[in-house]
Amino acid sequence: MDTTFSPEDEDFRALVRDFVENNLPPEYARIVAEGGYLNKEQLLDWHAILRRQGWLAYNWPVEFGGTGWGPVKTHIFDEEMARADAPKVLAFNFKMLAPVLMKFGSQEQCDYYLPRMIDGTDWWCQGYSEPGAGSDLASIRTTAVRDGDDYIVNGQKTWTTLGQYANMIFCLVRTSNEGKPQAGISFLLIDLATPGIEMRPIRTIDGGYEINEVFFTNVRVPASNLVGAENEGWTYAKYLLTYERTGIAMVGASKKKLTRLKDLFAEKSRSLSVHEKALLAARIARVEIDLANMDTTNMRVLASVAGGGAPGAESSMLKILGSEIHQELDSLIRRVVGRDAQALRSGEQAPAGATNAAGVYFNNRKLSIYGGSNEIQKNIISKMILGL
Amino acid sequence: MDTTFSPEDEDFRALVRDFVENNLPPEYARIVAEGGYLNKEQLLDWHAILRRQGWLAYNWPVEFGGTGWGPVKTHIFDEEMARADAPKVLAFNFKMLAPVLMKFGSQEQCDYYLPRMIDGTDWWCQGYSEPGAGSDLASIRTTAVRDGDDYIVNGQKTWTTLGQYANMIFCLVRTSNEGKPQAGISFLLIDLATPGIEMRPIRTIDGGYEINEVFFTNVRVPASNLVGAENEGWTYAKYLLTYERTGIAMVGASKKKLTRLKDLFAEKSRSLSVHEKALLAARIARVEIDLANMDTTNMRVLASVAGGGAPGAESSMLKILGSEIHQELDSLIRRVVGRDAQALRSGEQAPAGATNAAGVYFNNRKLSIYGGSNEIQKNIISKMILGL
Amino acid sequence: MDFTHTEERQMVVDTLARYIQNEYNLSDRNDAAASPQGFSDVHWNNLAELGMFGVFFTEEQGGFGGSAFDVAAVFQELGRGLVVEPLLDCVLRSGHVLAAAGDFERLAKVITGASRYVVAQAHTTGDRVTAKQSEAGWILNGTAPMVKFAAGADTIVLSAQSGADAAQASFFLIDPTANGVAITHHDTFDGGSASDIHFADLAISSDALLGSAHHADTIVRTAENWACLAICAEALGIMEAIKETTLDYLRTRTQFGTVIGRFQALQHRMAQVLLEIEQARSAVINAAAAVNKSETDCDKALSAAKYSIGRIGTLVAEEAIQLHGGIGMTWEYEMGHFAKRLVMIDHEMGNADHHLARYMQFDLV
Amino acid sequence: MDFTHTEERQMVVDTLARYIQNEYNLSDRNDAAASPQGFSDVHWNNLAELGMFGVFFTEEQGGFGGSAFDVAAVFQELGRGLVVEPLLDCVLRSGHVLAAAGDFERLAKVITGASRYVVAQAHTTGDRVTAKQSEAGWILNGTAPMVKFAAGADTIVLSAQSGADAAQASFFLIDPTANGVAITHHDTFDGGSASDIHFADLAISSDALLGSAHHADTIVRTAENWACLAICAEALGIMEAIKETTLDYLRTRTQFGTVIGRFQALQHRMAQVLLEIEQARSAVINAAAAVNKSETDCDKALSAAKYSIGRIGTLVAEEAIQLHGGIGMTWEYEMGHFAKRLVMIDHEMGNADHHLARYMQFDLV
């Protein structure tokens, strides 16, 4: 039993820390620290900085232009990036579609699309959920009907994050109504410039714009854009949803947020009564302990993956723990900020203590909803453990 | 809107308080205060004291020898009794079987059994649950087969509280296998002296003995002991389970327990650090507030019943709230007692600070299990509110 | 023991409910809530005309209500409709400050809706306004931060430190357009506005003093109790609205071939939400019943209520969003706006921790 | 980074697990646990012979283990078997007190099982024992309350106040049968025994002093850390046993025509229990990894672990009983005894609140 990182890992951590200190534009770090998002130009710029270091596709194998790091190094990288408030790389490109292409796509698809993800040509978005298919993803009704060398796609996708920046979308589409709902789903790559596609913004509860609806009306997609086999898309979709295990616990982001919370608490708690301060401190201590426990829970899963083990219900557990701990941190930051959290931060006019605390808190309610809601994760755990 | 008791009610409260102060044997109060139970002789003695005052069957209508009090007076009586650590009257006689007989029993049954409940001749126990029929009570399999003027009863009941003191048992038995499981159940009164009945003790987790299994082997019961109509027992059983609304929230008992908790806390918390004390005080404050809220929630239901309204999901809500608040109080008493809660109190040898705190805590886990588990109550609420 | 409203009060509530139902549209509400002033003059005037402002005051004070249950009932209804109009800030609180100071002339104008006052308490917070006596009156300096709905007020009722320490504070009536007053307005997350009000050597005459000098604490106490009761009742109304929307959603949203209200895990969570809301309702009743009791009883019941509302409100908001899934996080869906206000109520007048700590101090620590 | 046990440690754990499986019967355990001594000499001797006591000590100390993960692994297994034998009190804790005092001769006898010592700390609690220096040695007066398993010990290792204040305390080796020592034994709720040990003018010679005078705090510190780690690991083992029993019950108990594990509300609660147990497991690992770190790191990790174990243990016990229903509340069903011990662990060495408050004090308040 050895819970420490190897000297080699520690060297690597120092290397990453040094790189990000010297190369992350402070403006980007500020935006991230305040709970905001980079715009397209800014994120592509950050991508380019990482690309020059060879770390953009950091979770990919070497043969595809990645780093070949194992789960532990990947974890260290994530943690250091979060620690420095570095923007996350576009997950749809690097963590979602790419692994699916590598495992199930054709050589041609890999050769064509993977380099375009790295060089900034393609910005992918996701076409999974539909208005009638949320937790019940297998009930999607967007159809793709074969017509010669093309599919004709009709239907509607929703919750498409950052679709406004994207030129490409990967979609789950229904290619058959035979058998179980899962059986007739295919995984299709669609150019958003194709006629018949309309993207409409969805304004979120916090007033922000990061998600979209996408409408498909007789959209003609080359059959060569099918990933893997027709009607096998459900397998690929599930693979995608569980692939990113090292990130699912959000350990790095939560550690960073905890630091921020404790700094805010040290500053704001001076005016509190001893008992109010104790109650708040107890909640902070609780979440700090939960996070330290989860850090190790996460490392145990990583070590098992690195050792060739296959995580089962663990990835669902990490999703639940990770989202709940992060949400508790957001909730505590909002509380510590107190009355000032009510003010919207709008540039110069913001009160001195204002943060985006309320907005971030509400925005991050999504953490327990998306990527398979926490209820779905509990269903998965129950099924795996109880065998029912 | 008037949340206060009427002057008449307050006079009544003073009357009850005065009576119990002058008539409750201190020994009985001590046993109750320590979380214990009176033995049969003691409880019958207390029954006799109340009978002389005319308050034994205090929840019964006047025509059956009761007081005719409405729900508000009944609540005040319960509260004052709990406040004084008075033993509760035998629920199986007065709060469970009696109301069923009054509503569904024959004139003969009322004339015969009700006076025997009051004069101490009959001590009733309950034969509802079976090893295979807990939350799913309708799945009982104890059978009663008509044979001339008798039923022949075979089967097994369990969780029969204080069965060791009882001479009579009221049972749910299966008289038909037609239709839904609920449809073939009958409500039967059985003399425990009848040949073929065996009662075996069940030792509980806290080492105590208050529940039993009852085995029936070809037990011959006169058909005149059937309550109401054959195969209609489910209706009577449900009536019994929801009848006692004024007591279900345990407001009086919880108020008394809160006082005890706060006294213990005042004594024990002197040795705690300021922060540990604050954390414990916060939990006590929380449950005190929850209890004050539930007190009013309960009064709202009482007022609605007194005004002729019919409580729906409220009685299930009160069951959940009442049991959870009471369990939290037990949990906090256990915590406040601290290390000494580990010692079993066994007479002279008990450490000075010893209480039965751990035993009461574990014993009262039953509150969320019996009388329709809290899960069943949530099912009922969902069904009533969601209409699903 | 009677938990029903009087006929008169029920009529007021019904009138208000009808007005909201027929005239108060959430999309327009959101536009008004995001405007610089933070609410709509049209609705304000309509509510005044409906007589809603007089409900908060006794006949002696120039109103036709003034019982705690009047206040609670109206604010519960305002909560149900997510009404952003500042009845709490510009009528109830400032009206009771005027009443406590004995200024019934100005109070009368509040009740008719002719004048809008907001109270800025700047003698107890970290930021502080000081009032120095001068020959002509007083000189004010400092900042009153985050004064809600100051953007819509004709007059600021400011409490400032007027003596040697914070305990010596007085109320002043200030024209927000005067020289020496600078105002920074903020939009707020739950709609409405809040302002930092800066005073730089503002000279005011002696008759700007409201009530007697150095008695701000006494003057403001009753008003703050009313405001605390009102915001608890508002929260309860919001919870009721969220409950109904969420129950509807559970009954109609289909996934896995059935309405999601059939999933037992969701049922049990909803059952918990329902019983907690009943507890919140009882907390508001307890607070209303205690407003006229002893200072300790009143403070305990108000802290118990604000704590309960804070804890349960957050639970209700979070569970409602979670049970809705993505749709609950969109601007277009009404429920989310209720959830935002409900959570933000815990950021006003002391949050759940604050009130639990205050409650503890009465007889536990 | 490696979360597997060494081969040697795994062998020890397997040996212990086999012994429990084959020889340790819960019904006999309960009888022994309720006996005056509170455990069984037979099992005690068998465990000594299996070499289980040496695992807690390094080779230098006369053992063949002594790493934190050795201690955690063995106690986890003891927890899984609900072993009542006092390895914690009579080997781990007292052995480490002897080791810290440099008394390796006595420690050797602890490791072979030839001697049983219990530590009675009576210099920090409310009740207190004082030691006054006399010509011949020391005179002891006072009471050491609730010393676990003193009923089974040959020697009491008592810390008493030996100087002007509580910080000046020393350890003494006391024969429990000596005149001047009176012992009141108590059965305990979770099995085993505890004793109040009264000292009335007990005269002991100078060589009864263990280690140097006035250094009890230093001597006991390491032993208390080991004991805290051990009891956390024991709790984890108990949780695992409860988890397995409860999962079995959910898979097999039928109600409403189906196994109750099919009810989604129960599934989701069980899922929560499962992930909390994984968190408890991580807390124990963190504590084990910190035992040899700086004093602050060690104290923080131990408090984090004891807090986590206390909170999660109570959750696991309460949920397991609730999910079982009536059967979980009977003496005959094994699970309840595990639940009792699990909850009572929160009553030893500081409960969850105590450790959360201690944790807060490091850098929050």
Side-chain angles (χ1 to χ4, degrees), chain A residues 129 131-136 138-139 158-159 181 202-208 211 270-280 283 327 331 334-335 337-346 348-354 356-359 361-363 365-366 368-370 373-375 378-379, chain C residues 34 125-127 145-146 148 184-190 192-196 253-257 260 263 265-266 269 310 314 317-318 321-333 335-337 339-340 343-344 346-358 360-361 364-365:
Chain A
S129 297
S135 281
D136 182 13
S139 70
T158 192
W159 314 136
I202 299 175
R203 193 177 178 193
T204 48
I205 195 171
D206 58 334
I211 49 178
R270 281 192 289 266
S271 60
L272 300 179
S273 78
V274 59
H275 292 113
E276 185 174 347
K277 189 174 172 179
L279 297 188
L280 205 42
R283 284 189 65 161
Q327 288 177 333
S331 179
R334 166 174 76 65
R335 272 159 224 260
V337 169
R339 184 192 54 189
D340 289 344
Q342 215 171 357
L344 277 184
R345 195 187 33 210
S346 37
E348 297 307 305
Q349 296 218 320
N356 200 14
Y361 161 80
F362 271 97
N363 188 287
R365 300 315 301 173
K366 74 187 173 194
S368 49
I369 294 172
Y370 70 12
S373 73
N374 285 13
E375 289 72 28
K378 285 185 183 170
N379 286 349
Chain C
T125 50
D127 306 81
M146 288 291 285
K148 288 206 67 187
T184 322
H185 296 301
H186 311 293
D187 295 341
T188 62
F189 188 72
D190 48 341
S193 66
S195 305
D196 297 338
R253 167 71 173 173
T254 299
Q255 289 282 273
F256 302 103
I260 61 173
F263 289 101
L266 306 192
R269 282 163 62 176
T314 304
E318 292 182 353
I321 291 173
Q322 186 69 24
L323 290 169
H324 272 87
I327 190 79
M329 293 200 55
T330 62
W331 187 274
E332 204 184 343
Y333 193 77
M335 191 276 295
H337 298 279
K340 287 195 292 183
V343 170
M344 284 299 106
D346 198 40
H347 289 250
E348 290 188 39
M349 295 184 231
N351 69 10
D353 283 335
H354 173 84
H355 282 282
L356 188 64
R358 189 170 87 138
M360 278 159 56
Q361 280 157 3
L364 284 166
V365 290

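Letters A, B, ... are given to chains in the order of the sequence lines, protein chains preceding strands, and every chain is numbered from 1.
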CG-CD1 distance between D136(A) and I260(C), expressed to the nearest 0.5 angstrom = 11.0 Å
Nearest-0.5 Å distance, CG of residue L272(A) to CG of residue D353(C) |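 Spacing of CG (L272(A)) from CG (D353(C)) equals 9.0 Å.
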Is E318(C) salt-bridged to R365(A), going by a charged N under 4.0 Å from an acidic O?
-> yes
When heavy-atom pairs shorter than 4.5 Å are enumerated against chain A, which of [options] gives the highest number?
| options | value |
| --- | --- |
| L356(C), L266(C), V343(C) | V343(C) |
| Q322(C), E348(C), H355(C) | Q322(C) |
| K148(C), K340(C), H324(C), H337(C) | K340(C) |

Examine whether an atom of N379(A) lies under 4.5 Å from a heavy atom of chain C, and if so say whether it belongs to the side chain, the backbone or both; otherwise answer neither.
-> neither
Non-hydrogen side-chain atoms of Q361(C) and S273(A) separated by less than 4.5 Å |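 Heavy-atom side-chain distance check passes, below 4.5 Å.
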Could you tell me whether a side-chain N or O of Q255(C) sits under 3.5 Å from a main-chain N or O of G132(A), the two making a donor and an acceptor?
->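 Yes: the side chain of Q255(C) pairs with the backbone of G132(A).
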Any idea which of [options] has the most non-hydrogen atom pairs under 4.5 angstrom with chain C?
| options | result |
| --- | --- |
| K277(A), K378(A), K366(A) | K366(A) |
| S129(A), G338(A), P181(A), A138(A) | G338(A) |
| R270(A), R334(A), Q327(A) | R334(A) |

Which bit of M360(C) is near chain A, if near means a heavy-atom gap under 4.5 Å: side chain, backbone, both or neither?
->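 Side chain only.
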Under the ring-ring contact (aromatic ring centres under 6.0 Å, His included) test, residues paired with Y361(A) that sit two or more places apart |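 Expected list: none.
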Name all residues meeting the salt bridge (Lys or Arg N to Asp or Glu O under 4.0 Å) criterion together with E276(A); count only those two or more places apart in sequence or in a different chain, and write none if there are none.
->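 For E276(A) there are no salt bridge (Lys or Arg N to Asp or Glu O under 4.0 Å) partners, ignoring immediate neighbours.
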